[in-house]
Structures are given as structure tokens and as C-alpha cells.
2 protein chains.
Amino acid sequence: MSRRNYSQFCGLAHALDVVGERWTLLIVRELGSGPKRYTQLADTLAGIGTSLLATRIRQLEADGIVRRRLATDQPSSTVLYELTAAGRELAEAIIPLAVWGARHQMDDADVDNEAFRAEWVLGFLVAGSEGVSSDIDGMYEFHVDDSVACLRVRDGRMSVKTGACAERADVVVQMTRHVVASIAAQRTTITEAIAEGAITTQGEPAAVARLAAIVDGRIYSRLHAG
Amino acid sequence: MSRRNYSQFCGLAHALDVVGERWTLLIVRELGSGPKRYTQLADTLAGIGTSLLATRIRQLEADGIVRRRLATDQPSSTVLYELTAAGRELAEAIIPLAVWGARHQMDDADVDNEAFRAEWVLGFLVAGSEGVSSDIDGMYEFHVDDSVACLRVRDGRMSVKTGACAERADVVVQMTRHVVASIAAQRTTITEAIAEGAITTQGEPAAVARLAAIVDGRIYSRLHAG
DNA sequence: CTGGATCCAAGCTGATACTG
DNA sequence: CAGTATCAGCTTGGATCCAG
């Protein structure tokens, strides 16, 4: 009944005792961009199988990382899964790992053969809140191929949500996944890509420039630090 | 032959394709505190089994995270495993996850029944280099129960090594694992523990105070941020 | 000291079928 | 829609023994 565990008095070992099994961290990633329904998770996590997904969610609930909630605005008794406070901290804690993966383990060959979502690639922009000055606020809508996600910056913190922005976005940008791949791999910057026309933008030029500064500054301070 | 993979164009998914299997990240953690021999790894990672360890090391080598090297100062042809540049970046990227685990998933009940090493608990002090002003240098030797590790701070960066400091340490501190557990869980600070006599110190009072400020400041800025 | 080989147990995948 | 149940087949992991 009790899961396999490492039995080491070490933060990493304890973290992996809880979220080290296959699929578990990807579920946390999914819920990091807003509450989701069971079938939404099953769709996005292609290959998990309904039985294993149910098991993983149960484990995450038992460990206080995920909470189930009844959607109030939905017609029937639709269940929503959302992160607890500890779960949100976990979702932030894995961002450096995601950035590492984007930088070191993703190459162009993958782009066309893999599943893709805009919110997955926005994730690495949310790398910590301390770098963004708290007077920059904004809603930025990203269209990558046919996928849409919303990046919100407020009070020096960033958050990502699946789908279009709820309110009107300050800036709407459109690009292909190949452009995203180039930026992730640091072969180009968002500023360059906009200048070259690889990214089309709608919105005030000042707001666009602000977004570009955030993203490029973020990427460089993060990845060129080491 | 090729490993199971998630097939998602996402940094986290790609990172987990490479280091998501059981034991892999713990091997990276071990090599984060200095190069190690095969048997050292096998000893520390109790339960892994020699065959699986060999497989994991081979995978990490193939993925450019670990490199093998012949120890020049050793008698025979002893092999040493060490992290590559990408591996060191990975070791840094998983520190927030380790901090999360220490904060949320470790409680007192574990302390006596689990394996323990001083370098494991020093790991969460190394949480990023940007917080330490670059004029603080020092070598701090930690004795926790019978385990010894060395924390070095230089040029605003921290690093952890297994065993006693190579050079003479500025400060030597001695404590039990229970005190470490209390600090990790934020039930006390290192400053308080020293004042109460739960930690004994050797070295100049000014250097001790500097260490205390580093550790306590680091913990609080990291964990009270969210 | 560094692993390879082996055997068995545990975990994962995929499919299908069934319930409130 | 939101799961649970089951089951066969495959892949991984664990433990022990053994070889260069």
C-alpha cells in the first residue's frame, strides 16, 4: 500500500518520494496553469490511461498538493482539480528544472513530432517573481500555432493560464512553435523575432516593448548566470 | 532500446525524459557535492542495486550530464564520475525542488529511521548565488552527528563538498540531525540554535556571525517569499 | 573496484467494459 | 462527464551472484 520510498533524510529524496513517479510532475504542471477537469487532464497527458491518472490524482490529494472542488458556474456537478498552497509552491519550484530542460534537452527535431501547448512554453517565463519590477503590470495573450495561453504580470509576479485572457489583453502576439523553439534554445530573442516579422503583434508599441524586455531580460539573466 | 518518453514539446517533459526515472536525480545530487567513485555512489544510494546504477550512469553519460575520469592521484585505474557543465546547471536547477521537499515533506518522525549525510542538508543553503554579497568569502565545516561536509562561499557563490574542508576552515560547527531538522522545518534559526547551545562552534566570532547571517537570511528570503 | 547477468517482483500501458 | 474495475502484456526495478 505504502509507496516505494528512498528513506533518506534529504529534501530532494522526500520531494521525489511524493512526486517522483511517472506523470506526477506533469499533472502538477498542468494544474499550474489553472484548475482543470478530469478529462482535460486526460486529454493533455496523452498516454497516461484513465486508471493511472485517477491513482495519481488520489495520491496528490492525499499529500496535500491537489484539492478537488465542485465547479460552481458549471451546469452539473463538474469536478475541478486545483493546486493547494503547497502545490503552487511546488509548481514554482520545478520551473528551474523546466528551464534547464528547455535549454539543454530540446532541439528542433522534436518540434513537429511532439504534442504542443502554448502554456507549456510560457512556463519558463514565469521563472521567479523577484526579477520583474513591480510597477510593470499587463496581460499578454500568446497564440502559438493554434494554441492560446495568457501571461499576466502583476505586482512583480507572473502567472500563466490556459486559453485566451479573461479580460482584454494589452498585447496579443502570434508566432509558430518553431519561433518558440529558437527563443528557448537562445538562437534568437523575442526582440529580434519581432523585428524580423517572425512574431506578429497587436497592441500599443510601448506595451509590446515592455513584454519584449521582460522576456528577453528574463531569459538572459536566468540562463547566462551560470 | 530508446527510453520511454513523454513526447511533449515542453521543457519539463524533456527534462523528465532524461532525469525522470527512479534514482537518476539522486545520482546527480550525489555528484553535486564533488566527483565520486562507483562504490561511493553505491554505498550512499542504498538499495539501488549495482546493475541499475551502472545503467543510470551510462544514460547520464550519454546525455552529457556525467563524465567519467581516471583519478590521477589514485594508485590504480580508479574511475571517478563527475558532472559536466550541463550537469552542474542541472544540480542547481533541482535545489528549489529540494527546498520544497525539506519544507513540506520532511517531518521529525523521519529523522531517526532514515539515512543521513551532512552534504544533503547543506544542499538547500546553496539555493542560488545571487543572494550572497560577493565580498563574503569563507570555508565552513559542518559536523552533523558523525557526518562531515564543507560549505565554501566565494565570489558570491556557494558550493558543497563531501567530507572535511581541504584547507583550514574558518568556522567548524557541530550539531545533531535533530537540530538540522528543526532549522529545515523553520522551527528555529541557526542563530537561535547557537545561542541555545544546540550548535557548538569553533572559529572567530565574526566569521560565525557571518555564517549565521548567510544561512538564516537565505532560508528566510527563500521560504517566506511565497 | 567496476560493473554484467540473472531472476523475480512491481509498475506502467492500453483496451475495454461498466456505473452514477 | 467523471470516473472505477479488470486484465493481458510489456517495461522497470530490486537483489543476489559472479567476472574482468
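Please read these numbers as outputs of a predicted model, since none were measured by experiment. Every chain is numbered from 1, with letters handed out A, B, ... down the list of sequences.
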Chemist: How many angstroms lie between CZ in B:R58 and CG in B:D63, if you round to the nearest 0.5 Å?
Modeler: 12.5 Å

Chemist: B:Y38 OH to C:dT2 P: how many Å, rounded?
Modeler: 9 Å

Chemist: For A:R22 and A:R56, work out which heavy atoms get closest and say how close.
Modeler: O-NE, 2.8 Å

Chemist: Quick one: B:K36 NZ to C:dT2 C1', roughly how many Å, whole number?
Modeler: 18 Å

Chemist: Going by ring-ring contact (aromatic ring centres under 6.0 Å, His included), name the residues that satisfy it together with B:H104, two or more places apart in sequence or in a different chain.
Modeler: B:W100

Chemist: For the side chain of A:Y81, starting at C-beta, report the closest nucleotide among C:dC1, D:dA2, D:dT4.
Modeler: D:dA2

Chemist: Over how many whole Å does the gap from A:L80 atom CG to D:dG3 atom C1' extend?
Modeler: 15 Å

Chemist: For every nucleotide of nucleotides 13-20 of chain D, 5' to 3': is a protein heavy atom under 4.0 Å from its base (B), only from its sugar-phosphate (S), or from neither (-)?
Modeler: SSBBB---

Chemist: What is the distance from atom SG of B:C10 to atom CG of B:D17, rounded to the nearest 0.5 Å?
Modeler: 9.5 Å

Chemist: In Å, rounded to the nearest 0.5 Å, how long is the span from CD of B:Q8 to NE2 of B:H14?
Modeler: 8.5 Å

Chemist: Do B:T44 and B:K36 meet the criterion of a side-chain donor-acceptor pair at a distance under 3.5 Å?
Modeler: no

Chemist: Expressed as a whole number of angstroms, how long is the span from B:D43:CG to C:dC1:C1'?
Modeler: 11 Å

Chemist: Provide, to the nearest angstrom, the distance between the CZ atom belonging to A:R37 and the C1' atom belonging to D:dC1.
Modeler: 8 Å

Chemist: Once you round it to whole Å, what is the distance between C1' of C:dC1 and CD1 of B:I57?
Modeler: 12 Å

Chemist: What integer distance in Å separates B:R68:CZ from C:dC1:P?
Modeler: 16 Å

Chemist: Find the distance A:L41:CG to D:dA2:P and express it as a whole number of Å.
Modeler: 10 Å

Chemist: For D:dA2 and A:T39 - does any side-chain N or O of the residue sit under 4.0 Å from the phosphate oxygens OP1/OP2?
Modeler: yes

